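Below is one structure; the comments refer to it alone.
What you see is a predicted model; the values in this text were computed from it and never measured.
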Amino acid sequence: MLPSSRAGRALAVLLAGLALTACTSTTTPITGSGAPPSVAILAPSASPEGSQEPTASPAPTAVVTAGAELGPTNEPTDVPQATPDPTPFPNPTTRPTSAPAASCGTGEAGFAAADKGPRTLQFGGATIEFTGAGVALLDGSWNSDDVIPGGIGLTRNEIAVVVGPSAGIVLRAKDLTLLGTTAAASPWSKVTFNGGLADLGGPKTTLPWRFRQDGSLSIAAPDRIGDWAIAFLPIWEGACTSGDGVAYARIKVK
């Protein structure tokens, strides 16, 4: 299982930013709890548009002039959330737990045959990209961990989920359980793009969330009217594996 403090450490990494390094991938046997290493997120490169070449120095926080809306003139039609979640916030209650299914393998062979996690998540009425980082067998015998760039998966014309202030929005992964996440909102007007990666500038607002009995999470929208970029660090679990990664979304609070 993944340690409970992991999501908090990952959020600190996301908000502070890391020095740029080349993306690497490792696959190694482990013992003990079976938790994959904490997700490592690199800050987006400040290189010219279209280049993703990393540099050795930390990337400064990029900020655009307030009110300078990003994206093409003809943005796609925004979508409302699929089904409002009426449960009050905040309160991440008891975290779900489970044991590996009897059919799960073990070690390198078991890991090769196991589910490596989702490619997308459903956030209200929008489908958002999920980029996996750590993955581990639930029995603790094998894991893999990748270094991934911050801001991956968010686009200039990202479709927004339209909700009211503090409304609950369901975040789910098909056929998987979400064990937890961090969620932070940044003003969309402060988002910039370098080399195809988003940089969420401006002040960050932590969003409350809670577990749902169906294995999904409910995220509270910002309590202020506005256009927001949301950064998630979800932790997921399947029948044989668990892992984490990064996802981004857009919310318009009206």
Side-chain angles (χ1 to χ4, degrees), residues 1-2 6-7 10 34-36 39 41 76-87 89 92-105 110-139 142-146 148 151-155 158-163 167-184 207-221 229-251:
M1 294 298 298
L2 302 174
R6 181 172 169 200
V39 55
I41 304 171
T77 302
D78 298 328
V79 297
Q81 64 178 83
T83 304
D85 181 6
T87 307
F89 285 91
T93 55
T94 305
R95 173 173 152 172
T97 58
S98 61
S103 60
C104 294
F111 185 83
D115 189 354
K116 303 304 188 297
R119 293 182 180 272
T120 61
L121 300 174
Q122 195 70 24
F123 183 56
T127 298
I128 61 176
E129 184 176 329
F130 177 81
T131 303
V135 183
L137 286 175
L138 293 179
D139 71 357
W142 202 268
N143 86 329
S144 175
D145 193 43
D146 287 337
I148 59 178
I152 186 170
L154 188 67
T155 64
E158 190 78 23
I159 295 175
V161 177
V162 181
V163 294
I169 308 172
V170 177
L171 180 70
R172 67 175 73 251
K174 184 179 179 181
D175 300 326
L176 296 171
T177 297
L178 292 180
L179 298 178
T181 190
T182 57
L207 302 180
W209 60 272
R210 67 172 185 84
F211 299 109
R212 286 166 47 93
Q213 291 184 347
D214 63 359
S216 64
L217 303 177
S218 191
I219 315 295
I230 312 298
F232 299 110
L233 294 173
I235 302 171
W236 59 269
E237 182 178 274
C240 301
T241 52
S242 64
D244 62 9
V246 175
Y248 296 88
R250 185 176 183 180
I251 295 175

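Heavy-atom minimum distance, Leu137 versus Gly105: CD1-O, 4.3 Å. Considering all non-hydrogen atoms of both residues, Gly180 and Phe211 come closest at N-CE2, 3.9 Å. Contact between Tyr248 and Gly151 at its shortest, heavy atoms only, is OH-N, 2.8 Å. Taking each heavy atom of Leu121 and Pro234 in turn, the nearest pair found is CD1-CG, 3.9 Å. In terms of heavy atoms, Ala221 sits closest to Val163 at CB-CG2, 3.6 Å. Across all their heavy atoms, Pro80 and Val161 have their closest contact at C-CG1, 4.1 Å.
Here the straight-line distance linking atom CG of Leu171 with atom OG1 of Thr181 works out to 6.5 Å at 0.5 Å rounding. Here the CG atom belonging to Leu179 is positioned 5.0 Å from the CD atom belonging to Glu237, to the nearest 0.5 angstrom. In this structure, Leu138 CG and Thr241 OG1 are separated by 6.5 Å, a value rounded to the nearest 0.5 Å. How far CH2 of Trp236 is from OG of Ser242: 6.5 Å, rounded to the nearest 0.5 Å. Within the model, atoms CZ of Phe130 and CD of Gln122 stand 14.5 Å from one another, a figure rounded to the nearest 0.5 Å. Remark: Asp78 CG to Ile251 CD1 distance equals 11.5 Å, nearest 0.5 Å.
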Tell me, with the steps shown, if Leu178 and Ile235 meet side-chain contact (heavy atoms from CB on, under 4.5 Å). CA-CA 6 Å; Leu178 292 180; Ile235 302 171; over 6 Å; no
Could you check Leu207 against Ile230 for side-chain contact (heavy atoms from CB on, under 4.5 Å), going step by step and ending with a plain yes or no? CA-CA 9 Å; Leu207 302 180; Ile230 312 298; 3.9 Å; yes
Pair Ser144-Phe111, side-chain contact (heavy atoms from CB on, under 4.5 Å): steps then yes or no: CA-CA 9 Å; Ser144 175; Phe111 185 83; 3.6 Å; yes
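Checking Glu129 against Thr120 by side-chain atom types alone, no donor-acceptor pair falls below 3.5 Å.
Within the structure, the salt bridge (charged side-chain N to carboxylate O under 4.0 Å, His left out) test picks out the following pairs touching residues 171-180 (sequence neighbours left out): Arg172-Asp214.
Ring centers of Phe123 and Phe232: under 6.0 Å apart, within the cut-off.
Contact of the Asp115 side chain with the Leu176 side chain is registered, since non-hydrogen atoms from C-beta on lie closer than 4.5 Å. Proximity of Leu217 to Val170: side-chain heavy atoms (C-beta onward) are nowhere separated by under 4.5 Å. Residues Ile128 and Glu158 have side chains in contact (heavy-atom distance under 4.5 Å, counting atoms from C-beta outward).
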